[in-house]
Amino acid sequence: MYLAESRSSASTKVGRRGRRAPANVVALGVVSLVTDISSEMVTAILPLYLVIGLGLNPLQFGLLDGLYAGATAVLRLVGGHVADRWRRLKAVAGIGYGLSAACKLGLLAAGSSIAAIGGVLALDRAGKGIRTAPRDALISLSSAPESLGRSFGVHRAMDTVGALLGPLVAAGVLWASLGDFDAVFVTSFCVAGCGVLLLVVLVKDHPRQGPPGAVPIRGMLKLLNIKAFRRCCGWAAALGLVTITDSFVYLALQRRWDVDTALFPLLPIGTAATFLLLAVPLGRLADRVGRWKLFLAGHVALVVALLMLCGPAKSAWLAVAALCLHGIFYAATDGVLPAVAGPLLPEHLRASGLALLQTGQALARMVSAVLVGLVWTLWDLRPALLLTTGALLVVTIAAAVVRPWEEAR
Amino acid sequence: MKKVLASALGMILLIGAAVLYVVQARGGGPAVNARPVVSGRLALAPGNLYFRNLAEGPDQGKLAAVSADDPDGTRQVGNLMCDRFATARSTSICLRTKAGSLPPLTELLVLGADLAIKHQQTLPGTPSRARVSPDGKIVNWTLFVSGDSYAASGFSTRTGLYEVDTGRLVKSIEEIPVFVDGRRYFASDVNYWGVTFAADGNRFYVTLGSKGKTYLIEADYRRYRGDAILQNAECPSLSPDGRRIAYKQKNADGSWRLAVLDLGSRRVTHPAEGHAIDDQPLWRDAGNLLYALKRDATTDIWSTPITATGTPMMLVPDAASPAIR
């Protein structure tokens with residue numbers, strides 16, 4: 001039986017003294033910020049590039065999407081396991097960042113070949129899958145157990161800043177290069193390269209700890225023998241199964257308030273901005289009142305947002321409030337969940353455990369998207385939303401009543 | 001310390017390389033048109049072939065015209081930039097991406113007889129198809145949009161139309177009731193693309209894509225409903241006599257080839273064109289089709305007889321989105 005991180009561990013010495021996040025967490029945040037600028041630059045111009053630049057039909061890529069999502073989930077597990085096995089979290093995360101950076105030049109080399117472009121896009125996602133678990137493990141191992149929520153909040157906020165800046169940088173490069181798509185890919189590669197270099201210089205790997213000897217692949221599944229972690233995974237997956245996908249939320253909002261289609265792309269920015277502003281305060285709050293409590297409270301925020309979207313009132317302010325609540329849901333859950341799970345996992349299996357948890361949650365959300373799609377097909381979007389909202393409320397209440405484990409504060 | 005210095009140097013080099021690349025890209029465009037062009041006022045005239053000029057040079061991307069009898073002759077261009085263009089009677093449609101907008105936006109221009117702008121609209125997405133009904137009363141378009149479907153981060157299409165006389169705008173026809181095998185078809189992933197109208201301005205055909213299949217939909221605009229009449233048929237184009245439909249048919253390897261459906265006998269034939277095509281064909285006359293064919297990073301406009309024994313030929317090099325008067 002693995003022991004949860006004890007209060008006497010060395011890292012507690014840092015205690016609650018600093019108001020500043022640990023340097024390593026900020027460093028990982030900087031790397032994520034720079035990398036997200038690079039990847040969102042490409043995401044933003046890809047449709048234009050394929051259709052206008054190359055004269056290709058993007059529907060030929062969309063069909064492979066489900067396959068990609070599944071492959072990313074599997075690679076996240078592989079990344080987590082290998083990082084623990086080699087005991088080199090930074091190196092494995094670096095491989096993931098490096099692979100994605102190389103893919104930016106790969107897009108240039110792929111020319112107009114559909115197979116090559118599809119392959120490069122798949123490799124890019126593979127890089128993202130590989131790096132996620134070791135990076136989150138590094139964040140959780142680099143901060144004191146008491147301030148995990150804040151640390152993940154800082155990282156997620158910086159990550160979101162990068163995602164918001166990416167399209168702006170891409171637009172700037174397109175403007176400066178007089179519409180040259182290749183210039184965007186080259187710039188994106190250079191930015192991603194800087195991200196890798198920043199990782200090499202700024203981020204410190206976690207010193208080897210835990211029992212000697214290789215980590216067997218069974219080690220990952222054995223983690224589920226830890227009662228608290230098993231319950232955490234189970235409830236996270238159960239909540240994921242009844243959590244509505246973003247695009248449904250935006251679609252419902254757009255239909256309800258008849259949002260001009262030209263403004264449609266702004267809706268995710270509303271969510272992201274709220275997420276960005278509240279990730280750190282809510283992470284701190286989670287550290288104070290209990291992370292699992294805040295994780296559940298985040299789901300309640302989503303329930304309220306969905307009720308606003310489906311309810312009888314029709315004020316435009318409700319739409320704004322619903323978007324803010326959607327952002328609060330992200331701020332209270334996205335970084336908080338790994339902060340919940342971190343202390344439940346032994347240090348030498350942290351990456352494997354976080355990979356398992358997040359993959360379970362991601363797969364549950366994929367199933368949820370398919371289920372909501374089915375209900376939508378049978379009835380309509382509104383009944384599908386109401387049904388999911390009801391189920392989400394029931395599961396959230398159940399999780400709160402059952403109280404999967406006693407959370408140390 | 002050495003590592004820090006090396007990395008700092010690396011970052012400076014990377015940023016310098018990016019800036020250099022952007023700067024050289026600025027001056028990259030050739031100052032002379034690769035194919036001869038005369039600038040001036042572009043007008044709609046019978047016997048002309050209109051297209052998007054792709055030849056490198058200052059007039060790349062502009063709407064151009066050549067005489068259909070001399071398609072290799074000097075191109076006439078105005079000031080209109082269009083990614084897709086179509087024309088019928090006194091109405092034309094021009095779709096173009098709005099510069100500097102990310103995510104991409106499309107400017108939809110409805111043009112009058114003198115190619116002056118009568119109506120303008122900005123829509124999200126990237127231009128894909130554009131057509132005008134034969135009576136000139138309805139313009140329609142298809143745009144690619146990203147991240148529209150719940151399948152997340154995939155691509156989808158949005159097809160809309162605009163009544164020129166009444167100003168009625170349908171941003172998306174996705175809510176039209178459609179019947180497959182006589183039963184109302186429901187799915188959350190429906191995509192429509194490539195509309196073609198009949199001469200009566202009411203009957204139209206469009207592609208419905210859903211769950212990995214495509215259907216040719218025959219629809220009634222006034223009653224606003226449609227029926228699937230054929231599978232694996234995309235980007236329909238109704239012949240001038242309204243009795244045949246040219247379209248692109250998907251091959252086993254995912255590419256497309258031209259096909260022609262006889263609406264009376266429901267027989268499908270294939271023109272001699274063997275290349276993989278990805279365009280909504282256009283009827284040049286009762287027996288010939290026009291379409292764009294990819295060649296490296298550019299496309300050319302080709303013409304083929306609809307018979308299986310004809311010989312396809314290249315009509316206009318470095319050109320796309322053909323339209324005829």
Side-chain angles (χ1 to χ4, degrees), chain A residues 43-48 50-63 65-66 69 111-112 114 167-168 170-171 173-180 182-183 186-187 189-191 193-194 197-198 200-201 245-248 251 261-262 264-265 268 369-370 372-374 376-378 381, chain B residues 3-4 6-8 10-11 14-15 17-19 21-23 25-26 28-29 83 97 99-105 122-128 144-158 171-172 186-189 191 193 209 212 254 256 278 292 294 296-299 320:
Chain A
T43 311
I45 67 150
L46 202 58
L48 261 183
L50 295 177
V51 180
I52 300 296
L54 298 179
L56 294 177
N57 192 330
L59 290 185
Q60 288 166 309
F61 300 93
L63 298 176
D65 214 64
S112 60
I114 291 173
L168 295 178
V173 171
L174 270 187
W175 172 79
S177 64
L178 305 180
D180 189 288
D182 290 356
V186 170
T187 314
F189 165 76
C190 293
V191 173
C194 288
L197 289 176
L198 285 168
V200 171
V201 184
T245 317
D246 294 359
S247 33
F248 283 124
L251 214 56
T261 35
F264 196 59
V370 174
V372 174
L374 275 178
W376 182 7
T377 309
L378 287 176
L381 183 56
Chain B
K3 207 165 75 170
V4 175
S7 295
M11 276 188 266
L14 280 172
I15 292 166
V19 171
Y21 195 95
V22 170
V23 169
R26 276 183 79 85
D83 291 320
T97 49
S101 62
L102 283 178
L105 297 173
T122 303
L123 299 162
T126 313
S128 170
F144 285 118
V145 286
S146 46
D148 197 40
S149 126
Y150 68 90
S153 73
F155 292 102
S156 53
T157 59
R158 201 177 287 139
K171 280 182 183 168
S172 171
F186 285 107
S188 53
D189 71 337
N191 279 299
W193 62 90
W256 293 275
D278 181 10
K294 242 177 99 54
D296 301 324
T298 185
T299 65

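Numbers restart at 1 for each chain; the letters A, B, ... are given by sequence-line order, proteins then strands. Every heavy atom of this structure was used, including side-chain atoms; hydrogens, water molecules and symmetry mates were not.
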Q. What part of B:K294 lies closer than 4.5 angstrom to a heavy atom of chain A: side chain, backbone, both or neither?
A. side chain
Q) So which of A:G193, A:G111, A:P268, A:A176 has the largest heavy-atom pair count under 4.5 angstrom toward chain B? A) A:A176
Q: Taking all heavy atoms of B:V145 and all of B:P124, pick out the closest pair and write down the distance.
A: CG1-O, 3.4 Å
Q: For residues A:V372 and A:T245, determine if any side-chain heavy atom of one lies less than 4.5 Å from a side-chain heavy atom of the other.
A: no
Q: Would you mind telling me which of A:V186, A:D246, A:D180, A:L198 has the largest number of heavy-atom pairs within less than 4.5 Å of chain B?
A: A:V186
Q.
Taking the side chain as everything from C-beta on, heavy atoms only, tell me whether A:C194 gets closer than 4.5 Å to B:I15.
A. yes
Q) Considering only heavy atoms from C-beta outward, does the side chain of B:L14 approach that of A:L197 to under 4.5 Å? A) yes
(Q) Between A:D182 and chain B, with a heavy-atom cut-off of 4.5 Å, which part of the residue counts as in contact: side chain, backbone, both or neither? (A) both
Q | Flag, side chain of B:N191 to backbone of B:T157, donor-acceptor distance under 3.5 Å | A | yes
Q.
If I measure from the heavy atoms of chain A, does B:T299 come under 4.5 Å with its side chain, its backbone, both, or neither?
A. neither
